[in-house]
Amino acid sequence: MEDFLDLLNPQQQAAVAAPAGPTLVLAGPGSGKTRVLTYRIAYLIGAMNVPAYHIMAVTFTNKAAKEMGARVEKLLGPQASGIWLGTFHGLCGRILRREADLLPVDSNFVIFDADDQENLMKQIVKEANLDEKLYRPASVLDAISAAKNELIGPEDYPVKNFRDEQLRRFYMRYQQMLVSNNAMDFDDMLMYTHGILENYPVVRDTYGHKFEHILVDEFQDTNLAQYAILKNLASLHRNLYVVGDEDQSIYRWRGADYRNLQRFTADFKDTRTILLEQNYRSTQTILDGAMAVIDRNANRTRKKLFTEAKAGEKISLVVADDDRQEAEIVAAAVQAGISKAKLNPADFAIMYRTNAQSRLLEEAFRREGIAYRLVGAQRFYGRREVRDLIGFLRLIYNPKDEVSLRRVINLPPRGIGEKTVEKLQKVARAREMSMGEVLLHLNAGDDGLAEELGKEGIRLGFFGKLLADWREAANKNTVSILFDRVVEDLGYQAYIQDKSEEGQDRWENVLELRGVTTEYDDTGLGAFLEAMSLVADQDTLPETVDAPTMLTLHAAKGLEFEQVFITGLDEFLLPHSRSRDDEEALAEERRLLYVGITRARKKLTLTRAQRRRSPYGSYEATMPSRFLDDLPSALLSGSPRGLPNRYNTSRRPEGPSRWNSPAFMPARRVVYEAPATRFKPGMQVKHPSYGRGVVKTSKAEHGDETVEVYFEGVGLKCLVASLARLEQL
DNA sequence: GCATCGGATTTTTTT
DNA sequence: AATCCGATGC
């Protein structure tokens with residue numbers, strides 16, 4: 001069982017086989033951190049005979065959790081099942097559903113995401129008759145979130161001025177509203193969990209006993225609430241095993257506090273600290289570049305990253321005339337890498353500071369005929385039609401959810417406008433019920449409701465009937481059957497598909513969502529909704545597609561690629577203008593770049609543009625990022641030869657760049673060649689909602705593939721390969 | 001109640 | 001440039 005230790009270096013071995021007790025593993029990028037964590041779990045179960053269900057492992061993303069689960073299972077087989085493995089929010093959700101008796105909401109509470117929160121807060125601000133400009137819902141919510149992350153409740157919200165007082169009131173009202181909606185937000189999940197552990201010693205002891213060993217990944221990105229939860233859970237066994245790297249802390253704005261590392265060693269005086277410095281990922285050149293950038297940050301333990309790999313290629317620096325050209329250069333370079341250097345498309349990643357930057361890149365890749373994967377950015381779950389349908393399902397599951405009710409009650413338009421909703425709300429408030437409950441009672445023919453609602457009552461009654469029927473259907477059927485029923489009853493297809501060509505896309509999205517529902521047929525509506533709230537787009541990327549990845553620097557954490565492009569190395573973009581006046585924020589921008597650089601295995605390219613379209617209007621001249629100053633020129637190549645290295649001299653943009661000098665002008669394709677298609681005529685395929693079929697034609701278009709398929713019992717359908725989950729049989 | 005038009009308004013990262 | 005909000009007209 002212990003043979004696998006042989007595969008590790010001495011530090012890693014020490015980390016994996018560390019004795020019980022508080023342990024801190026400081027792991028530089030690429031030092032085999034995930035490996036250490038998975039082996040540690042395997043070691044505990046396999047060598048120390050700790051039952052899997054006595055172990056809790058917390059990761060930062062669902063994707064990381066999934067990966068870790070898969071790896072552990074590979075090492076241990078069925079012995080591994082029963083581990084509590086997931087994100088903080090996922091695990092807290094699990095505890096909260098179990099202990100819902102202790103909460104002000106019942107066990108089928110729903111989780112409000114940013115969009116729901118904003119809708120609710122808008123209502124609250126409006127209700128208070130205050131200027132929405134002065135109290136922007138998003139910023140009010142930011143303040144509340146910050147408080148929650150520090151475990152500050154509405155009663156304790158510090159008031160120093162009038163605005164604070166107002167914020168405190170909003171906070172109180174917001175919490176009340178959440179409870180009456182039978183809902184909570186992300187931060188509440190942590191706060192409530194902490195509250196339960198803190199106030200109910202019995203519960204704390206139950207979980208404290210259960211979790212003999214607690215392992216935490218990305219510890220530098222935990223916030224105070226999360227740390228407090230961990231401390232409670234580990235109070236009995238004290239086997240808290242945390243892995244982190246202060247240099248990779250990039251979520252301060254979300255309440256993450258890398259000082260938790262210091263708190264940890266202060267709270268657990270006997271902590272054993274293990275340092276992992278050897279890097280197994282990148283070339284020495286890339287590591288040197290990364291260290292040059294990060295060493296400028298104060299208040300950190302300086303680490304010396306080293307590798308046994310060669311120096312490798314230099315870091316390329318590309319200066320484009322404008323942002324459009326920047327995108328084109330990247331696309332062309334990727335194309336060259338694929339066709340000339342014969343690299344796999346999936347070996348490339350293109351990173352940027354803000355999601356908005358992806359657009360030009362996408363366009364350039366399309367023009368170049370390269371398929372790509374885009375991480376995050378409202379790709380799927382942010383779509384209107386997807387959100388709407390989830391809104392219906394949420395209302396069915398939890399009729400008290402008034403945010404969802406307001407969203408869907410008039411979809412498609414059925415004559416229930418603002419006035420009618422207001423009336424419904426008034427009646428509901430008078431009876432101390434939620435609007436959804438009133439609708440259900442109305443349908444059941446309860447007391448004077450129909451009279452009270454008057455003529456509006458008829459239309460509301462229709463909707464109440466729909467809702468009641470759906471609820472009944474939900475009790476008897478699987479999620480996918482319920483989904484079909486709702487879509488059918490609404491005439492949803494006709495509603496979204498009739499008009500434009502966009503309608504087709506939107507319908508595709510509905511079918512896609514329908515496909516997802518089938519995955520929850522065994523677990524039920526509640527599990528489906530919870531997953532919809534907690535599983536971000538990033539976690540659902542199909543790994544199988546062999547295509548370059550576009551993603552934000554934040555989303556890049558924990559990943560690695562052969563070749564990495566980091567775009568937009570302009571002042572005000574990276575570092576972002578919003579962090580300009582704040583030392584701490586600036587340091588975090590630096591860490592962000594550090595994270596990006598250290599994702600690269602073989603080759604790193606940094607790009608910037610001398611002119612860039614501002615988020616608002618026209619083009620503006622840019623200045624090179626200050627971080628470029630810190631890269632020793634010995635590590636660089638490809639900066640415009642014959643031009644002074646402007647990064648070390650002047651900050652002002654000057655003259656047109658020489659990006660198209662042969663030195664670093666990537667070979668550009670002159671003739672468009674249709675890329676090979678994945679699906680061929682005659683091929684047997686399977687689709688999540690259409691079932692089995694045979695490919696009729698397939699052609700490459702705009703870097704994607706359009707497939708025509710005859711489906712059994714369905715007929716001919718035209719699908720976009722990257723969107724439709726077509727599988728070859 | 002609903003659709004449309006025009007003017008105003010956008011501040012980054014995400015569990 | 002794109003979305004949101006409010007006013008207008010039906």
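These values consider heavy atoms only, across backbone and side chains, with no hydrogens, waters or symmetry-generated copies. Within every chain, numbering begins at 1; the chains are lettered A, B, ... in the order of the sequence lines, protein sequences first and strands thereafter.
With sequence neighbours excluded, no residue satisfies side chain to side chain donor-acceptor pair (under 3.5 Å) with Arg578(A).
One atom, NZ of Lys148(A), and another, C1' of dT15(B), lie 14 Å apart when rounded to the nearest Å. In this structure, Asn62(A) places its CG atom 8 Å from P of dT15(B), rounding to the nearest Å. One atom, CE of Met351(A), and another, P of dT13(B), lie 16 Å apart when rounded to the nearest Å. What separates CD1 of Ile409(A) from P of dG1(B) is a distance of 11 Å, to the nearest Å.
Residue order along DNA chain B, read from the 5' end via each residue's closest nucleotide, puts Arg459(A) first among Arg459(A) and Leu592(A). Between Arg578(A) and Glu418(A), the residue whose closest nucleotide on DNA chain B is further toward the 5' end is Glu418(A).
Between Phe88(A) and Phe60(A), the ring center distance fails the sub-6.0 Å criterion. Two rings, from Tyr171(A) and Tyr174(A), have their centers 6.0 Å or more apart.
Considering only side-chain N and O atoms, Arg613(A) lies under 4.0 angstrom from the phosphate OP1 or OP2 of dA1(C). An OP1 or OP2 oxygen of dT14(B) is reached within less than 4.0 angstrom by a side-chain nitrogen or oxygen of Thr552(A). Applying the 4.0 Å criterion to OP1 and OP2 of dT15(B), one finds that Asn149(A) has every side-chain N and O outside that range. For dC2(B), one of the phosphate oxygens OP1 or OP2 lies less than 4.0 angstrom from a side-chain nitrogen or oxygen of Asn410(A).
In this structure, the nucleotide among dA1(C), dA3(B), dT14(B) sitting nearest to the side chain of Pro413(A) is dA3(B). The Thr61(A) side chain lies nearest to dT15(B) when the options are dT15(B), dT14(B), dT12(B).
Stacking of Trp253(A) onto the six-membered ring of dT12(B) is not present when judged by under 5.5 angstrom between centres and under 30° between planes. A distance cut-off of 5.5 Å between ring centres, combined with a plane angle under 30°, places His576(A) in a stacking arrangement with the base of dT12(B).
A distance of about 24 Å separates the C1' atoms of dT12(B) and dC5(C), rounded to the whole Å. Taking atom C1' on both nucleotides, dG6(C) is separated from dT11(B) by 23 Å, rounded to a whole Å. For the C1' atoms, the distance linking dC4(C) with dT13(B) amounts to 23 Å, nearest Å.
Ring pair Tyr251(A)/Trp253(A) is tilted by interplanar angle, where 30° to 60° counts as tilted.
Within the 4.0 angstrom heavy-atom criterion, base atoms lie near Arg136(A). Contact annotation for Lys122(A): backbone-only contact, meaning every heavy-atom pair under 4.0 Å involves sugar-phosphate atoms and none involves a base. Using a 4.0 Å heavy-atom distance criterion, Thr420(A) is classed as a sugar-phosphate-only contact. At a threshold of 4.0 angstrom between heavy atoms, the contacts of Phe88(A) with the nucleic acid are absent.
Salt bridge status for Glu67(A) with Arg71(A): present, with a side-chain N to carboxylate O gap under 4.0 Å.
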